[in-house]
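Right, one structure below, let's go through it.
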Number of protein chains: 2
Amino acid sequence: MTSTRPRRRADAERSIARITAAARDLLSRDPDATIDAIAEAAGVGRMTLYGHFKTRADLVEAALVAVLEAGEATLSAVDLSGDARDALSRLLASSWELVAESAALLASAQGVLPAGRIRELHGGAGDRVAELVRRGRDQGVFRTDLPVDWLVNVVQYVLHGAAEEHRGGRIATADAARIVDATVQSVLAAPSHNPHT
Amino acid sequence: MTSTRPRRRADAERSIARITAAARDLLSRDPDATIDAIAEAAGVGRMTLYGHFKTRADLVEAALVAVLEAGEATLSAVDLSGDARDALSRLLASSWELVAESAALLASAQGVLPAGRIRELHGGAGDRVAELVRRGRDQGVFRTDLPVDWLVNVVQYVLHGAAEEHRGGRIATADAARIVDATVQSVLAAPSHNPHT
DNA sequence: CTTATCTCGTATATTCCCGTACGAGATAGG
DNA sequence: CCTATCTCGTACGGGAATATACGAGATAAG
């Protein structure tokens, strides 16, 4: 992203930033949000938006890229060393809202962007969580009786569900982190004994 | 003003059954499935469909009612007595796909049907699962550190996710039941010790 | 200041889907 | 066999959303 854009004015840059922010915000809640609505939320005219994003798919992709980059930044800022359970707690605490949002946006993009493109963009995010899960297995603190991919997906689903419940006001912001952590830890934990069967 | 009895012919009955089945199938996967697509999947013409369901909301409601009735039938056929963990296993084994489908269809109906109508239809289904969770708590085998409503929702989310993974061919039919059971049991189980923190 | 760039309104074309109207042909059921 | 019922095609109108065309005015950058 360095250097020679022949000519892009500062206000244009600002408009683009506001549009992608609004797109992230609205598309996370309603996958079918109107371009009009996004433009209005961004505080720009519809035609301005079209000036920067030729088609709806372009806009969705831009929003997805933005949120995934933010997610990557957050993930890489978290200390993932030490006990995998503690690392997981730190990861969830600092990023559960963001990850949940990215999941919603991902679902938004599902039918608008080609599947290959999505997987390409999403690539790194899930891999990092998978890596953490694998490390926890090697430490003997995470379960080995279920596939890693499935466990990673369950984490996603729990986060998504928590975000939805939170938006609906059915769980408070203060409790959310604790609830998410307790739930996810239970799913990943290695069975301490043989509790049943 | 021809006041004729609503006497229905056998072939009409058959068409209706095929339409609702197709609606269940398509709407569970894509909430925005078109009426054309549903008619085509049902093997009937679009106008035939309109002959039985005047509006889209009618069709969605019919599909929702059908799947909820099937769910109710399945739930009441399962023996929910004895150890709550075993009861939960029996419930999941015999109905996890159905419950997942009902959840997906419920999401479809969100925004098409008035909220009151949905709650009215959905009434019993979730309550029974919640009741089972409460019973497990009283038995001391299910956790008490998280809200019942949250736990019920997590079960829904896990089932939904499993159905999606299964459709995408990422988990095999044979493994699905085991994976779902193991995951859900972990979430609901009362912590055997204080494993961490 | 000058210019290229950006903003943004109006108008219009297009596409998609819903729902209705009309009517001809097929079929169940007495 | 006769009739009410059902099937289903074509066609039309309404509405919503996407996307393009044209152009006038505002503004950042050199």
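Just so it is clear: chains get the letters A, B, ... in the order the sequence lines come, proteins before strands, and each one is counted from 1.
- Residues from residues 26-48 of chain B placing a heavy atom under 4.0 Å of any atom in DNA chain C, listed by number, are B/T34, B/I35, B/R46, B/M47.
- A distance of 9.0 Å separates CD1 of A/I38 from CG of A/D30, quoted to the nearest 0.5 Å.
- For the residue pair B/H52/B/S15, the side-chain donor-acceptor check at 3.5 Å is not satisfied.
- Following rounding to the nearest Å, A/K54 (NZ) and D/dA21 (C1') show an atom-to-atom distance of 13 Å.
- Taking atom OH on B/Y50 and atom P on D/dA11, their separation rounds to 18 Å, with Å as the unit.
- Taking atom CD of residue B/E13 and atom P of nucleotide D/dT7, one finds them 10 Å apart after rounding to whole Å.
- Summarising the geometry, the separation between CG on B/D58 and C1' on C/dG19 is reported as 12 Å, rounded to the nearest angstrom.
- Going from atom CG of A/L49 over to atom P of C/dC6 covers 15 Å, rounded to whole Å.
- For B/R128, the salt bridge (Lys or Arg N to Asp or Glu O under 4.0 Å) test picks out B/E72, with sequence neighbours left out.
- Whole-Å rounding puts the B/I16 CD1 to C/dA28 P distance at 16 Å.
- Following rounding to the nearest Å, B/F53 (CZ) and C/dG19 (P) show an atom-to-atom distance of 13 Å.
- Here the side chains of A/V148 and A/R137 are in contact, with some heavy-atom distance below 4.5 Å.
- Between the CZ atom of A/R56 and the C1' atom of C/dC16 there is a distance of 14 Å, given to the nearest Å.
- In summary, A/D79 and A/R90 engage in a salt bridge, as defined by a charged side-chain N under 4.0 Å from a carboxylate O.
- Between the side chains of B/D36 and B/T34, no donor-acceptor pair is found at a separation under 3.5 Å.
- In this model, the phosphate group of C/dC6 is not approached by any side-chain N or O of A/H52 to a distance below 4.0 Å at OP1 or OP2.
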